[in-house]
Amino acid sequence: MKIFENTIKQVLIQTINDLYHQTVDEKNIQISQTRKEFTGDFTIVVFPFVKFSATSPEATAQQIGETMLKKTDILSAFNVVKGFLNLSVSQHAWFLFFQTIKTSDFHFFKPENQAPCVVEFSSPNTNKPLHLGHVRNNLLGSAICNILENNGFNVKRVNLVNDRGIHICKSMVAWLKLGNGETPASSGMKGDKLVGKYYVAFDRCYKEEIQQLIQSGKTEDEAKQEAPILLAAQDMLRKWENGDKEVRDLWQQMNEWVYEGFEQTYNRLGIHFDKIYYESETYLLGKDIVAQGLANNIFYRHQDGSVRIDLTQDGLDEKILLRKDGTSVYMTQDLGTASLRAKEFAPQKMIYVVGNEQNYHFEVLKLILDKKLGFEWGKNIFHLSYGMVELPNGKMKSREGTVVDADDLMQEMYEVAKQNTTELGKIDQFSPQEAQQLFEMIGLGALKYFILKVDPKKNMLFNPDESVDLNGNTAPFIQYTHARICSLLQKAQEQNMDIDQNLNCEIPAAELELLKNIYDYRNVLYQAGEDLNPALIANYTYNLVKQYNQFYQSNKILKCEDNELRILRLQLSHLIAKLIAHAMNLLGIDVPEKM
């Protein structure tokens with residue numbers, strides 16, 4: 001993975017053998033990048049080798065440094081700070097690296113013939129449209145898949161649609177009660193928004209009925225359980241599970257409305273899947289697993305008729321797997337879906353991209369599949385838990401209609417990008433179609449980057465205005481730099497400069513610092529894949545772009561009088577533009593050639 005580090009490690013092993021006649025395990029060698037306050041590129045921790053040298057750490061580092069310099073031409077100098085050996089990579093080695101990397105496509109990790117990683121993300125409910133929380137989920141899931149594929153993994157993108165359950169029946173009951181036959185065609189609404197409208201209407205009606213029951217003498221708990229509209233939804237769920245034709249026909253019709261709406265949202269977000277699962281098709285598999293577990297005394301039937309598992313000995317609690325009326329819960333279908341995927345893909349890992357409010361759920365799921373039911377593949381379940389997206393005025397609640405709708409948000413970002421770009425007067429040379437594509441690129445890029453630059457584990461506050469700032473840690477700032485470099489290269493071409501010519505020159509300090517930052521990209525890609533963290537790529541790209549802009553402001557490029565230095569700077573600029581495009585593409589963001 002690490003070109004210079006690997007070479008240094010091998011030279012160090014040979015040096016220890018030559019100096020002290022000792023063999024060192026690679027795992028015991030610590031090589032890191034030299035801290036900025038010290039001179040050097042890479043630092044070796046020498047303390048583990050003092051037992052071989054029988055001398056001080058400083059003297060040991062001196063011996064090792066002198067010997068290593070004689071063994072390889074990739075090193076030009078060293079210095080010792082206490083028990084740390086700081087090594088400087090030679091100009092020659094950096095130049096060779098530059099010659100290699102400038103034609104790279106940044107696909108450093110070659111695909112291997114291996115079992116796939118199955119990544120589940122999105123997982124919408126068919127009772128409401130996608131909202132800001134879903135946007136973070138989709139963007140994280142898609143970016144993680146891109147990063148894993150870039151790291152050589154065989155990735156399967158999957159979506160589990162929660163298309164059945166009490167929440168779905170709530171929308172159906174409300175539509176029957178209040179809808180008067182309304183359809184997407186008759187209302188002019190997207191299907192997912194129409195169904196979501198009735199989910200909100202259910203909650204409003206439910207609260208009204210609760211108040212009426214309380215006024216008639218019921219306690220609040222009694223009222224919540226006896227509200228007629230809730231009883232109707234529960235009855236509908238039982239009918240659905242029993243295959244009632246009328247209920248099933250309505251369910252299918254309303255779901256189709258929702259799927260058409262989802263597809264439009266996914267297309268604009270740039271989201272796609274290799275396979276879509278439906279809870280209505282997998283929950284029965286889960287019921288079979290529960291039945292087997294019950295027969296094998298892994299699960300038990302509670303006195304109220306529900307089926308449960310007692311996890312108190314594992315530090316958890318009792319978990320219901322089937323309700324007392326025989327209907328399934330989320331855990332039921334997750335057991336079935338996981339089993340189905342294990343048979344279909346035999347994956348090396350099953351990654352679930354789900355918010356941190358479900359941490360307990362996935363802890364229980366893995367425990368049941370792995371430890372209780374004894375499925376070997378249960379060990380491969382991994383929950384990528386991410387924080388919630390919050391708004392300045394608090395949390396979102398779908399049932400109360402206080403969510404930020406994904407479609408509305410994307411359109412708002414488009415409009416903000418359009419207004420800002422137009423006010424800056426940067427679209428005079430654009431055709432109407434080009435301008436529209438630019439607004440979309442900037443608006444959606446701003447949305448995606450603002451979300452993905454935050455560590456997934458952290459909660460985040462979404463601020464649309466901040467996300468489109470041209471001067472901050474934002475996509476438009478990065479996109480503008482890419483466009484600036486493209487303009488620079490276009491001007492060089494117009495002036496007949498041959499930026500592909502071979503060079504044979506020293507790399508000055510400022511250019512070398514850029515090249516060293518480019519060198520880090522391979523390691524960032526690898527670490528982002530290991531940590532499943534797109535924020536590493538986002539923030540690396542921002543820091544590189546910030547460094548390049550400082551370089552651009554401080555150094556002449558096209559007007560540089562030294563021809564080789566001018567070409568070197570143009571080649572570096574071209575390489576950085578390619579890197580920006582590659583990194584942003586992993587995040588699902590397009591970059592313009594003019595802006």
(request) Report the relative orientation of the aromatic rings in Phe273 and Phe121; use parallel for angles under 30°, tilted for 30 to 60°, perpendicular for over 60°. (result) tilted
(request) Check the angle between the aromatic planes of Trp377 and Phe375 and answer parallel, tilted or perpendicular using the 30° and 60° thresholds. (result) parallel
(message) Working to the nearest 0.5 angstrom, can you tell me the gap between Thr126 OG1 and Tyr259 OH?
(response) 5.5 Å
(message) Using every non-hydrogen atom in the two residues, find where Leu558 and Ala492 come nearest and quote the distance to one decimal.
(response) CD2-CB, 3.8 Å
(request) Specify whether Tyr330 and His167 have parallel, tilted or perpendicular ring planes, treating 30° as the upper limit for parallel and 60° as the lower limit for perpendicular. (result) tilted
(request) Go through Lys516 and Glu513 one step at a time and tell me if the salt bridge (Lys or Arg N to Asp or Glu O under 4.0 Å) criterion holds. (result) CA-CA 5 Å; Lys516 289 179 180 180; Glu513 286 305 307; 3.8 Å; yes
(request) List the steps and the verdict of ring pair (Phe, Tyr, Trp, His ring centres under 6.0 Å) for Phe262 and Trp257. (result) CA-CA 9 Å; Phe262 282 172; Trp257 295 345; over 10 Å; no
(request) Identify the two heavy atoms, one from Glu279 and one from Leu160, that lie closest to each other, and give their separation to 0.1 Å. (result) N-CD1, 3.8 Å
(message) As a quick check of understanding, evaluate salt bridge (Lys or Arg N to Asp or Glu O under 4.0 Å) for Glu149 and Lys156, giving each step before the final call.
(response) CA-CA 10 Å; Glu149 285 175 336; Lys156 298 296 180 184; over 6 Å; no
(message) Between Arg484 and Met595, is the side chain to side chain contact (heavy atoms under 4.5 Å, CB included) condition met? List the steps.
(response) CA-CA 8 Å; Arg484 165 184 274 177; Met595 182 173 168; over 6 Å; no
(message) Whether Glu120 and Arg157 form a salt bridge (side-chain N of Lys/Arg under 4.0 Å from carboxylate O of Asp/Glu) is what I want to check.
(response) no
(message) Here's a test for you: under side chain to side chain contact (heavy atoms under 4.5 Å, CB included), which of Leu452, Asn150, Thr541 qualifies with Leu586?
(response) Asn150
(request) Indicate whether the side chain of Ser122 and that of Tyr266 have a donor and an acceptor atom separated by less than 3.5 Å. (result) yes
(message) Walk me through whether Asn473 and Asn539 qualify under side-chain hydrogen bond (donor to acceptor under 3.5 Å, both in side chains).
(response) CA-CA 8 Å; Asn473 183 7; Asn539 289 290; 3.0 Å; yes
(request) Carefully, step by step, assess Tyr283 and Asp334 under the rule side-chain hydrogen bond (donor to acceptor under 3.5 Å, both in side chains). (result) CA-CA 8 Å; Tyr283 84 103; Asp334 272 345; over 6 Å; no
(request) Identify, with sequence neighbours excluded, every residue that meets side chain to side chain contact (heavy atoms under 4.5 Å, CB included) alongside Asp370. (result) Lys379
(message) Is the ring pair Phe109/Tyr526 parallel, tilted or perpendicular, if the boundaries are 30 and 60 degrees?
(response) tilted
(message) Is the ring pair His107/His582 parallel, tilted or perpendicular, if the boundaries are 30 and 60 degrees?
(response) perpendicular
(message) Classify the ring geometry of His131 against His134: parallel below 30°, tilted from 30° to 60°, perpendicular beyond 60°.
(response) tilted
